[in-house]
> 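Would you mind keeping the following structure in view while I ask a few things?
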Amino acid sequence: MYRYQTHAQIQLAHWRDFNALLDELNVALRARGLVPFQLWEASIGPFNEALMVADYETLAAYEREHSTMHADPVCMNLWREMGAHMDGIPWTDPLS
């Protein structure tokens, strides 16, 4: 298994808007046969820290889905809209 994690600090009072956009993105991902993100919120540490997690069978599956999502205009427009609710630059962790 290959786990991909995206960390983001969500602006105060923007959590619901961010989460609604992630729900829309997950609908679009499922419609394209791609793995949706799970949203985890930190209960300890920085307030409004979001962790978006997606699990893939292999690194090759992740690379294929990552490329497909980034080539899709609907998915990328939603991803960019989500970014408007973040503070700073999100970062990623790949885990295997």
Side-chain angles (χ1 to χ4, degrees):
M1 181 186 77
Y2 183 79
R3 174 166 281 172
Y4 181 77
Q5 300 181 149
T6 300
H7 302 260
Q9 186 68 41
I10 309 306
Q11 296 173 20
L12 291 178
H14 287 246
W15 186 269
R16 286 185 184 174
D17 295 330
F18 172 83
N19 193 22
L21 288 166
L22 181 59
D23 288 345
E24 287 183 50
L25 175 61
N26 280 339
V27 167
L29 291 171
R30 284 185 188 99
R32 289 150 182 78
L34 302 175
V35 174
F37 288 99
Q38 301 170 44
L39 179 60
W40 300 355
E41 180 182 6
S43 56
I44 297 175
F47 192 71
N48 272 16
E49 184 174 84
L51 177 62
M52 294 167 282
V53 177
D55 293 328
Y56 304 93
E57 292 293 322
T58 64
L59 179 57
Y62 156 75
E63 290 172 340
R64 183 176 53 253
E65 293 209 20
H66 184 79
S67 294
T68 301
M69 181 184 127
H70 283 81
D72 187 278
V74 171
C75 290
M76 287 312 296
N77 283 339
L78 289 165
W79 188 258
R80 289 180 189 104
E81 285 184 56
M82 289 168 54
H85 299 285
M86 297 177 194
D87 277 332
I89 299 171
W91 67 99
T92 60
D93 290 324
L95 304 170
S96 56

> Can H85 and L21 be said to form a side chain to side chain contact (heavy atoms under 4.5 Å, CB included), step by step?
CA-CA 10 Å; H85 299 285; L21 288 166; 3.6 Å; yes
> Is a side-chain N or O of Q11 found less than 3.5 angstrom from the main chain of N48, in a donor-acceptor match?
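Checked: no pair found.
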> So, using side-chain hydrogen bond (donor to acceptor under 3.5 Å, both in side chains) as the criterion, who are the partners of D23 when residues are at least two apart?
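Applying side-chain hydrogen bond (donor to acceptor under 3.5 Å, both in side chains) to D23 gives none.
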> Are H66 and Y62, when compared by the centres of their aromatic rings, separated by less than 6.0 Å?
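Ring-ring flag for H66/Y62: true, centres closer than 6.0 Å.
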> So which atom in L39 and which in W15 form the shortest heavy-atom distance, rounded to 0.1 Å?
CD2-CZ2, 3.8 Å
> Does the pair I10 and M86 meet the rule for a side chain to side chain contact (heavy atoms under 4.5 Å, CB included), with working shown?
CA-CA 4 Å; I10 309 306; M86 297 177 194; 4.0 Å; yes
> Against M82, only a single residue in N19, N77, D17, L22 fulfils side chain to side chain contact (heavy atoms under 4.5 Å, CB included); can you say which?
L22
> Determine the minimum heavy-atom distance between C75 and L29, stating which atoms define it.
SG-CD2, 3.9 Å
> How would you list, by chain and number, every residue that makes a side chain to side chain contact (heavy atoms under 4.5 Å, CB included) with A61, sequence neighbours excluded?
Y56, T58, R64
> Determine whether V27 and L78 fall in the same hydrophobic cluster, where Ile, Leu, Val, Met, Phe, Trp and Tyr are linked whenever their side-chain heavy atoms lie under 4.5 Å apart.
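Unlinked, V27 and L78 end up in two clusters.
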> So which atom in R3 and which in D55 form the shortest heavy-atom distance, rounded to 0.1 Å?
NE-OD1, 2.6 Å
> What's the separation between atom CZ in F47 and atom CD in E41, rounded to the nearest 0.5 Å?
6.5 Å
> Determine the minimum heavy-atom distance between A54 and P36, stating which atoms define it.
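So the minimum-distance heavy-atom pair works out to CB-O, 4.0 Å.
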> Is there a path of hydrophobic side-chain contacts, each under 4.5 Å between heavy atoms of I, L, V, M, F, W or Y residues, that connects V35 with L51?
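No; L51 is not reachable from V35 via cluster members.
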